[in-house]
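To keep things clear, I will list the structure first and then write my remarks on it.
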Amino acid sequence: MTKKRSTRVPMRAQDPGARSKNFLEVNLGYTEEEALEEASRCLMCKGPQCVKGCPVGIDIPGFIGRIKEGKFNDAARLIKKRNSLPAVCGRVCPQEEQCEALCVVGKKGDPVGIGNLERFAADHEAGNPDGITLDMAPENGHKIAVIGAGPAGLTVASDLAMKGYRVTVFEALHKAGGVLAYGIPEFRLPKAIVQRELDYLTSLGVEIRCNILVGASVRIPELFADGYRAVFIGTGAGLPRFLDIPGENLNGVYSANEYLTRSNLMRAYDSEEADTPIAHGKRVAVFGGGNVAMDAARTALRLGGDEVHLFYRRSREEMPARKEEVHHADEEGILWQFLTAPLEFIGDEKGRLKALRSQRMELGEPDESGRRRPVPIEGGGFVTEIDTAIVAIGNDSNPILTRSMPEIDTNRWGNVVVEEPTGRTNCRGIFAGGDIVTGAATVILAAGAGRTAANAIHEYVQWITWGEDTRKLT
Amino acid sequence: MKTYEIIHREQIAERVKVFIVYAPLITKHCRPGQFLIVMVHENGERIPLTIADFDQERGVVEIVFQEVGKSTVQLGAMEAGECLHAMVGPLGHASEITGWKGVVAVGGGIGVAPVFPIARGCKQNGARVTSIIGARTSELLIYEKKMRAISDELIVCTDDGSYGRQAMVTEPLRELLETEEEIDLCVAIGPAIMMKSVAETTRPFGVKTVVSLNSIMIDGTGMCGGCRVSVGGETYFACVDGPEFDGHEVDFELLMARQGMYRDQEKDAADEPSHPCRIGLHPRKPA
Ligand SMILES: Cc1cc2nc3c(=O)[nH]c(=O)nc-3n(C[C@H](O)[C@H](O)[C@H](O)COP(=O)(O)OP(=O)(O)OC[C@H]3O[C@@H](n4cnc5c(N)ncnc54)[C@H](O)[C@@H]3O)c2cc1C
Ligand SMILES: Cc1cc2nc3c(=O)[nH]c(=O)nc-3n(C[C@H](O)[C@H](O)[C@H](O)COP(=O)(O)OP(=O)(O)OC[C@H]3O[C@@H](n4cnc5c(N)ncnc54)[C@H](O)[C@@H]3O)c2cc1C
Ligand code: SF4
Ligand code: SF4
Ligand code: FES
């Protein structure tokens, strides 16, 4: 037997120079040979650590084993038993903090590329359909309403459809997918893949109704009156935060949500086809250190930015973004401004952004929590000329739905309060999950919450139990 | 009838059209002061338009729009019987139409259409309604008949004197404020500059003045923050916190600057060299 390689089979990617000017996917995926080679690095552990790191508990050695045997579609089906969005999660999960963080192979070299293999299996199945489908329960005649077509809502919908329910998904925007459609850019998650997932849902009989803002176009009590047995709220965390510094309303200052929505959902990057405009900034500043900030910065580069600066108040190691995205951003030439705090946007006489004043910081003495907080460096103020700024410092939850039904318990951030692990809210028959419950988190956590809620909804509808009150449905 | 089908189309002034659209779900909850987002085609812009009227029984909404750029021109090119790609609403807060004694409703240009359901609502709830409507010239005046039918008094102004009184809407407004005792609300909708002048006119009289802000929008659901306006020194999202705000507190300079954000790009879209048309008539490439 040949000795196993200690490094991961690299993911082929577009050349940084070329890709920073196009919107095509950066990562190119594994070939069958590459997938087999990477799969061979897995030790097929009996008590696999990696599975503990996956929020939805995918049978990782199980699917990698199928890949080793060349049964790629079986591998995909095994993953789908736990995760209905494998092609998406294989691409966007923060694997290095989850499954791969715990992989034993990682102790002496690179951990197994679980995400890369997951992506491979899912793409293989989509490209080589063999007609084998998962077993679906017969129709049971009950209607379920899902609000929001993001990863949480889509997972609830597919799971309940498999259990025989008639599911309708209500989506406010004109396209389904949630952040997968409006937030994460094409070069990281091609929209054709999101569409594939949506087509799959439709094939299960799920009805997706776009352009319906629940709370405005229709209210939750009306859904119950209309015969829906239960309602799932998966409305996400879509209310952008701003920096709260002077000049923030100047033309040229965007929230990341607006910037990315213009580019992705409204396809402004394709100015030949799309009517929605976007600023093609030459000198751009992005604020934040998460995935959203990376996506905004790399989009700005692709829209023609000569200089794209990323301002983050802490240091590189503390950026919460996926390591791969930071690495890709670095290769593409993003200019890092760590330990800096923005102070003020400066505009011209027409109200257009022209510069940013900011302050260099250093890490001070550890505070009570033991964390070293950034403190201003004396004389560390400086001005950068910019024409576009993108604020990516987080989102709060959108209040439209909860305002229309104030009985639903929310916490002080406006997130819906649920009972763990069922996802039940305080209102009978109403469940919630995903970013609307946790605040901005990850795709797999939203999908996981959707799965748990689907099981709880199934139990509720079959038994109509809510607290003490138990009645068997006739 | 199909959802979002245009069941009636009419040109009511130069470059101003009225559509009646079948959208039963939207009409169910709509109230005066709210708006919609409309898309003409899959890759089109999301255009915010006020609900100018609605009929719950027939399940229809009425929109009135002026062709000012690429997207509104595309919209205007649609025929009766065709369906809009998308329409979502009702969005934003409804107007406060109850509890007023004397209301002055001021509409400028296309703004007369959105002021209509609010004025009618106030009237139905017992207020005495005086309406002042204005346009640059008589050809651009809209909704005169409808406004007359629901107003106790109607004053028409044109900038060039081609019809009604030659004046800005603020002139008769000031006279009213000076002579009438019982005015407790002024609602003004129109170009930002007009709403600003109205607010300045009412300010010394201390009459509550509500304006409807037409900032640039995308989603209309509070998700993007592109519609931010400054009112009383605080930032609000016009789509979810508005569109109506206290006219005495609005930063109109900021509103106007932000409305001009894409002016250069919109001009490019409208002035394609192969098209002499200045108003943005820009046929789409076949898909
Ligand atoms: C730019 C960006 C990049 C990201 N990158 C990553 C990444 O690399 N990896 C990762 O794991 N996570 C990433 N995330 C986070 C991840 O996308 C979210 O955690 C996840 O999408 C949350 O899913 P959700 O279903 O809860 O909500 P969302 O995806 O936000 O979907 C909610 C949906 O509900 C709709 N909606 C809201 N209100 C209503 C209403 N009243 N009526 C009807 N519909 C409504 C919205 O329009 C939306 O479509 C990223 C997020 C962003 C913004
Ligand atoms: C809540 C709300 C309600 C509205 N109601 C109506 C209505 O009932 N009837 C109607 O005709 N219009 C209404 N508008 C304005 C309408 O949305 C714009 O005229 C339209 O979006 C312009 O699109 P366009 O592509 O045709 O023009 P563009 O090419 O985008 O713009 C042409 C010119 O109009 C300016 N402009 C762009 N967007 C807006 C805007 N939102 N408001 C004002 N100026 C703008 C541009 O700066 C440019 O100078 C409303 C706007 C809002 C926010
Ligand atoms: S879903 Fe995410 S965490 Fe789970 S195995 Fe796949 S990549 Fe790892
Ligand atoms: S921990 Fe690593 S080596 Fe072990 S089963 Fe999981 S992926 Fe394979
Ligand atoms: S239009 Fe996007 S938040 Fe108002």
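By convention in this document, chain letters (A, B, ...) are assigned in the order of the sequence lines, proteins followed by strands, and residues within each chain are numbered from 1.
- The greatest number of non-hydrogen atom pairs below 4.5 Å with chain B, out of Pro240(A), Gly351(A), Ala216(A), is found for Pro240(A).
- If you measure heavy-atom distances from Asn398(A) to chain B, the contacts under 4.5 Å come from the side chain alone.
- Taking the ring centre of Phe187(A) as origin, the terminal cationic atom of Arg302(A) falls inside the region bounded by 6.0 Å and 45° from the ring axis.
- Interface summary for chain B: among Asp244(A), Val253(A), Val391(A), Leu260(A), the most heavy-atom pairs under 4.5 angstrom belong to Val253(A).
- Annotation: the span from Leu255(B) atom CG to Asn214(B) atom CG amounts to 6.0 Å, rounded to 0.5 Å.
- None of Lys17(B), Gln74(B), Arg15(B), Gln11(B) except one satisfies the side-chain hydrogen bond (donor to acceptor under 3.5 Å, both in side chains) rule with Glu67(B); the exception is Lys17(B).
- A salt bridge links Arg241(A) with Asp396(A); the closest basic N to acidic carboxylate O contact falls under 4.0 Å.
- Considering only heavy atoms from C-beta on, Gln34(B) stays 4.5 Å or farther from His93(B) through its side chain.
- When heavy atoms are compared at a cutoff of 4.5 Å, Leu91(B) approaches chain A solely by way of its side chain, counted from C-beta outward.
- When each of Lys350(A), Glu248(A), Lys175(A), Arg219(A) is checked for heavy-atom pairs under 4.5 Å with chain B, Arg219(A) comes out on top.
- Neither the backbone nor the side chain of Ile26(B) comes within less than 4.5 Å of any heavy atom in chain A.
- Looking at Ser95(B) and Glu244(B), their side chains do bring a donor and an acceptor atom within 3.5 Å of each other.
- Taking His85(B), His29(B), Met39(B), Glu253(B) one by one and counting their heavy-atom pairs under 4.5 Å with chain A, the maximum is reached by His29(B).
- Ser230(B) and Tyr236(B) share no side-chain donor-acceptor pair at under 3.5 Å.
- Proximity to chain A (any heavy atom under 4.5 Å) is restricted, for Ile216(B), to the side chain, taken from C-beta onward.
- Considering only heavy-atom pairs separated by less than 4.5 Å from chain B, the leading option among Leu250(A), Val218(A), Asn211(A) is Asn211(A).
- Counting non-hydrogen atoms of neighbouring residues, nucleotides and ligands closer than 6.0 angstrom, the CZ atom of Arg31(B) reaches no more than 12 such neighbours.
- Only the side chain of Thr261(A) comes within contact range of chain B, with at least one heavy atom under 4.5 Å from a heavy atom of that chain.
- Contacts of Arg228(B) with chain A are made by side-chain atoms alone, with heavy-atom separations under 4.5 Å and no backbone atom involved.
- Side chain to side chain, Asn257(A) and Ser255(A) fail the donor-acceptor criterion of an N or O pair below 3.5 Å.
- Heavy atoms of Met256(B) lying under 4.5 Å from chain A are absent altogether.
- In this structure, chain B has no heavy atom under 4.5 Å from any part of Tyr259(A).
- Both the backbone and the side chain of Leu239(A) come within contact range of chain B, judged by heavy atoms closer than 4.5 Å.
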